[in-house]
Amino acid sequence: MTTDGAPATGLPMEVAAEGLPTRVRIHEVGPRDGLQNEQAVVPTEVKAEFIHRLAAAGLPVVEATSFVHPKWVPQLADAEQLFPMLGDLDPRQLPVLVPNERGLERALALGARRIAVFGSVTESFAKANLNRTVDESLAMFEPVVRRARDENMHVRGYLSMCFGDPWEGPVPIAQVVRVCRALLDLGCDELSLGDTIGAGTPGHVQHLLAALNEAGVPTTRLGVHFHDTYGQALANTFAALQHGVTTVDASAGGLGGCPYAKSATGNLATEDLVWMLHGLGIETGIDLGRLTEASEWLAGFLGRPSPSRTVRALSHKE
Ligand code: HMG
Ligand code: MG
């Protein structure tokens, strides 16, 4: 140990626990979910450099940007300029958010190969985020998913507000199951269960996963996407791992939030997740030191420290 409590190696001691996966795929969302919520507009060159640093740290998937209406999310209005700056990376590593056919056209024109549509399980958030009801949103996604699959693209379906909604309160599990089934029936390859406002707790996570399995949705098609508003994201992730989930969304340095859900704070920090996974002996392929450096570099640019506990601990280490 160093005097400030960080292990001298900057790595956790590896001690396995029963019944967990041996490998987890981290789906990095910092450049999209994180930067979409920044007050200041981050220059396109800085975004490109951040994404390159994340890829170099071994992140297998880095969600790069969104092809949404620029007035709805001005922070990502530079998608057309950014995506070509990532031409040296494999486009299958760089998913982009696409809400509708217009967004898909824009993404296809730049050579994107992996997209995500993003639905809501509650009417209030569907309206706030997409200007549609839940069913109208699903109807909007239908031609997008069909065309993307015809183009042999990988399609993720996000579901927001799976664990609670700031306008509607608790969200019935059956409501989540219905939208999950609908997105799978549209042809999504994988789903990501969003705790947009970070309200969920571990028992709730396991209960939802079990209900989805009962409804015929296999765990292999599910990822989890926890925001850390109430400090539950890591505990919720552990509960999902115990259930067999192997795809976990996280945001480098804990960047994040959602411009259309004001109570949402950052996502689970990727560094905190990697510290736990490596401590459990679970492979990620990620170099924690390089990842932390990428987050510190961006935090320096944003002018405030990263909220990630692991980034803070490692950056104070000599
Ligand atoms: P709308 O106003 O209903 O749009 O917005 P519309 O379909 O009526 O079209 C109006 C105009 O917008 C038209 O132009 C369209 O061409 C244009 P006009 O003919 O009037 O000149 N337009 C577009 N322009 C560029 N790109 C597009 C596009 N689409 C239409 N793709 C819309 C509907 C879906 C566009 C809007 O609501 C929108 O862009 N929403 C995006 C909101 C968003 O990105 N939120 C954050 C991501 S979700 C999230 O963070 C949650 C997540 O992390 C999981 C979790 O934590 O829960 C994923
Ligand atoms: Mg999110």
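Just so you know, ligand 1 is whichever comes first in the structure, and atom 1 is the first atom listed for that ligand. Numbers for residues simply follow the sequence, beginning at 1. Just so it is clear, the model here is predicted, and its values are computed rather than measured.
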Open item on the list: Salt bridge or not between Asp249 and Arg156? Use side-chain N to carboxylate O under 4.0 Å.
Closed with: yes

- [ ] If a pair satisfies side-chain hydrogen bond (donor to acceptor under 3.5 Å, both in side chains) and one of its residues is in residues 233-245, list it, with sequence neighbours excluded.
- [x] Gln206-Gln242, Asn213-His243

- [ ] Specify side chain, backbone, both or neither for Lys127, according to which of its non-hydrogen atoms lie closer than 4.0 Å to ligand 1.
- [x] neither

Open item on the list: Please classify the Asn100 to ligand 1 contact at 4.0 Å (heavy-atom distances, strictly less than): side chain, backbone, both or neither.
Closed with: side chain

TODO: Inspect the surroundings of CZ in Arg309 and state if more than 12 heavy atoms from other residues, nucleotides or ligands are less than 6.0 Å away.
DONE: no

Atoms of ligand 1 close to [X] [distance to a heavy atom under 4.0 angstrom, numbered from 1]:
X      : result
His227 : 56 (O)
Val73  : 43 (C), 44 (O)
Asn131 : 1 (P), 2 (O), 3 (O)
His225 : 53 (O), 54 (C), 55 (C), 56 (O)
Gly103 : 31 (N)
Asp33  : 50 (O), 53 (O)

Examine distances only and state if a side-chain atom of [X] and a backbone atom of [Y] form a donor-acceptor pair shorter than 3.5 Å.
X      : Y      : answer
Gln75  : Val42  : no
Ser295 : Gly253 : yes
Gln232 : Tyr230 : yes

Between [options], flag the one that comes closest to [atom] by a heavy atom.
atom                    : options                       : answer
atom 4 (O) of ligand 1  : Arg32, Met140, Arg132, Arg102 : Arg132
atom 50 (O) of ligand 1 : Gln36, Glu63, Gln75, Lys71    : Gln36
atom 54 (C) of ligand 1 : Gly194, Gly119, Ser160        : Ser160

- [ ] Give yes or no for whether the N/O distance cutoff of 3.5 Å, strictly under, is met between Asn129 and ligand 1.
- [x] yes

Task: Nitrogen or oxygen of Phe67 less than 3.5 angstrom from that of ligand 1 - done: yes

Quick one: side chains of residues 170-180, donor-acceptor pairs under 3.5 Å with protein atoms, not counting sequence neighbours, listed by atom name and distance.
from: Gln175; atom 1: NE2; to: Val121; atom 2: O; distance (Å): 2.9
from: Arg178; atom 1: NH1; to: Asp135; atom 2: OD1; distance (Å): 3.2
from: Arg178; atom 1: NH2; to: Asp135; atom 2: OD1; distance (Å): 3.1

Open item on the list: Can you tell me if, anywhere in Asp33, an N/O/S atom lies at a distance from the Mg ion (ligand 2) that is smaller than 2.8 Å?
Closed with: yes

Open item on the list: Just verifying a value: how many Å separate Leu241 CG and Thr246 OG1, rounded to the nearest 0.5 Å?
Closed with: 9.0 Å

Open item on the list: To the nearest 0.5 Å, what is the distance between NZ on Lys47 and CD on Glu38?
Closed with: 10.0 Å

Open item on the list: As a test of reading the structure, name the N/O/S atom of His227 that is nearest the Mg ion (ligand 2).
Closed with: NE2

- [ ] Starting from the C-alpha separation in whole Å, work towards a yes-or-no answer on side chain to side chain donor-acceptor pair (under 3.5 Å) for His278 and Thr284.
- [x] CA-CA 8 Å; His278 289 183; Thr284 64; 2.6 Å; yes

